[in-house]
Amino acid sequence: MADCIFCRIAAGDIPCREVHADTDFVAFRDLNPQAPVHFLVIPRRHVAALTDLTGADADLVGRLQVTAAQVAAKLGLAETGYRFVINCGRDACQTVPHLHLHVLGGRALGWPPG
Ligand code: AMP
């Protein structure tokens, strides 16, 4: 989608601090990091939000999480741990309408989240 910032990042039209790229996913550092390590993993295919997923997307979402865990390990988070976050919709403060998984780590994270 031409007007989607994450589609444009996936297409290479907007620069990012990439930490992983493959046929289906791109991972890059968050512009406004909330932890010492904070990156996003996105599917190249445009999916606006969790609410748009269907059963046909189960494999995509599974591989999205496996990819995120592998990148987290590559960045040294496997031993100390990390958190996955997917914000969906207004109440969860989703600001970019292209499905993205946040991976946060590198410090002790508070719980419950705000
Ligand atoms: P969310 O609030 O869950 O929709 O998260 C969107 C995230 O995208 C925020 O943490 C932003 O800092 C991040 N973000 C927005 N634009 C960019 C960009 N061009 N490169 C990297 N991260 C971005």
Side-chain angles (χ1 to χ4, degrees):
M1 279 180 47
D3 60 347
C4 170
I5 188 167
F6 285 179
C7 281
R8 295 186 66 199
I9 286 176
D13 296 338
I14 292 179
C16 69
R17 293 178 60 204
E18 186 179 287
V19 290
H20 173 83
D22 62 37
T23 314
D24 295 321
F25 305 104
V26 181
F28 52 92
R29 306 265 184 189
D30 196 290
L31 209 53
N32 182 24
Q34 302 302 311
V37 179
H38 182 182
F39 64 91
L40 306 174
V41 189
I42 64 169
R44 290 185 183 275
R45 178 162 71 81
H46 184 83
V47 178
L50 288 173
T51 44
D52 291 333
L53 293 173
T54 70
D57 298 313
D59 178 64
L60 181 84
V61 174
R63 289 186 296 110
L64 175 76
Q65 293 180 82
V66 171
T67 300
Q70 290 173 339
V71 177
K74 185 172 89 175
L75 297 182
L77 297 178
E79 190 177 329
T80 48
Y82 51 86
R83 182 173 295 162
F84 283 1
V85 174
I86 298 179
N87 295 320
C88 180
R90 187 183 57 221
D91 278 359
C93 303
Q94 182 179 5
T95 58
V96 178
H98 180 126
L99 183 66
H100 51 283
L101 174 63
H102 295 258
V103 182
L104 300 126
R107 67 170 170 83
L109 301 165
W111 190 263

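What you see below is based on every heavy atom in this structure, not just the backbone, and it leaves out hydrogens, waters and symmetry mates. Keep in mind that what you see is a predicted model, and the values were worked out from it rather than measured.
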Can you tell me how far SG of Cys7 sits from CD1 of Ile42, rounded to the nearest 0.5 angstrom? 7.0 Å
Over all heavy atoms of both residues, which pair between Gly106 and Pro36 is shortest? Give the atoms and the distance, please. O-CG, 3.4 Å
What distance do Thr67 atom OG1 and Phe25 atom CZ have between them, rounded to the nearest 0.5 Å? 5.0 Å
I want to check something: taking the side chain as every heavy atom from C-beta on, are Arg45 and Asp57 in contact at a cut-off of under 4.5 Å? yes
Minimum heavy-atom separation for Lys74 and Val19, please, with both atom names. NZ-O, 2.5 Å
Side chain to side chain contact (heavy atoms under 4.5 Å, CB included) for Ile86 and Leu99? Distances and angles first, verdict last. CA-CA 8 Å; Ile86 298 179; Leu99 183 66; 3.9 Å; yes
Applying side chain to side chain contact (heavy atoms under 4.5 Å, CB included), name anything that partners Arg83, two or more places apart in sequence or on another chain. Val85, Leu109, Trp111
Closest non-hydrogen contact found for Ala48 with Gln94 is O-NE2, 3.0 Å
Sorted by chain and residue number, the ring-ring contact (aromatic ring centres under 6.0 Å, His included) partners of His20 (sequence neighbours excluded) come out as none
For Leu31, is there any backbone N or O sitting under 3.5 Å from a side-chain donor or acceptor partner on His38? no
Within a strict 4.5 Å, meaning less than it, do heavy atoms of the Val41 and Val71 side chains meet? no
Would a hydrophobic clustering, with Ile, Leu, Val, Met, Phe, Trp and Tyr connected at side-chain separations under 4.5 Å, put Phe6 with Ile14? yes
Quick check: is Val37 connected to Val26 through a chain of hydrophobic side chains (ILVMFWY, heavy atoms under 4.5 Å apart)? no
State plainly whether the residues Arg63 and Asp22 are in salt-bridge range, i.e. N to O under 4.0 Å. no
Looking at every heavy atom in both Ala68 and Phe84, which two are closest together, and how far apart are they? CB-CZ, 3.6 Å
Student check: side-chain heavy atoms of Tyr82 and Leu104 closer than 4.5 Å: no
Got a second to check how far Arg17's CZ is from Phe28's CZ, nearest 0.5 Å? 12.0 Å
Can you tell me how far the CG atom of Leu60 sits from the CZ atom of Arg44, to the nearest 0.5 Å? 12.5 Å
Restricting to non-hydrogen atoms, name the atom on Met1 and the atom on His46 that form the minimum distance, rounded to 0.1 Å. SD-CD2, 3.2 Å
Heavy atoms only: give me the nearest His100-His102 pair and the separation to one decimal. CD2-NE2, 3.5 Å
Are Leu101 and Phe39 linked, directly or through other ILVMFWY residues, by side chains that come within less than 4.5 angstrom of each other? yes
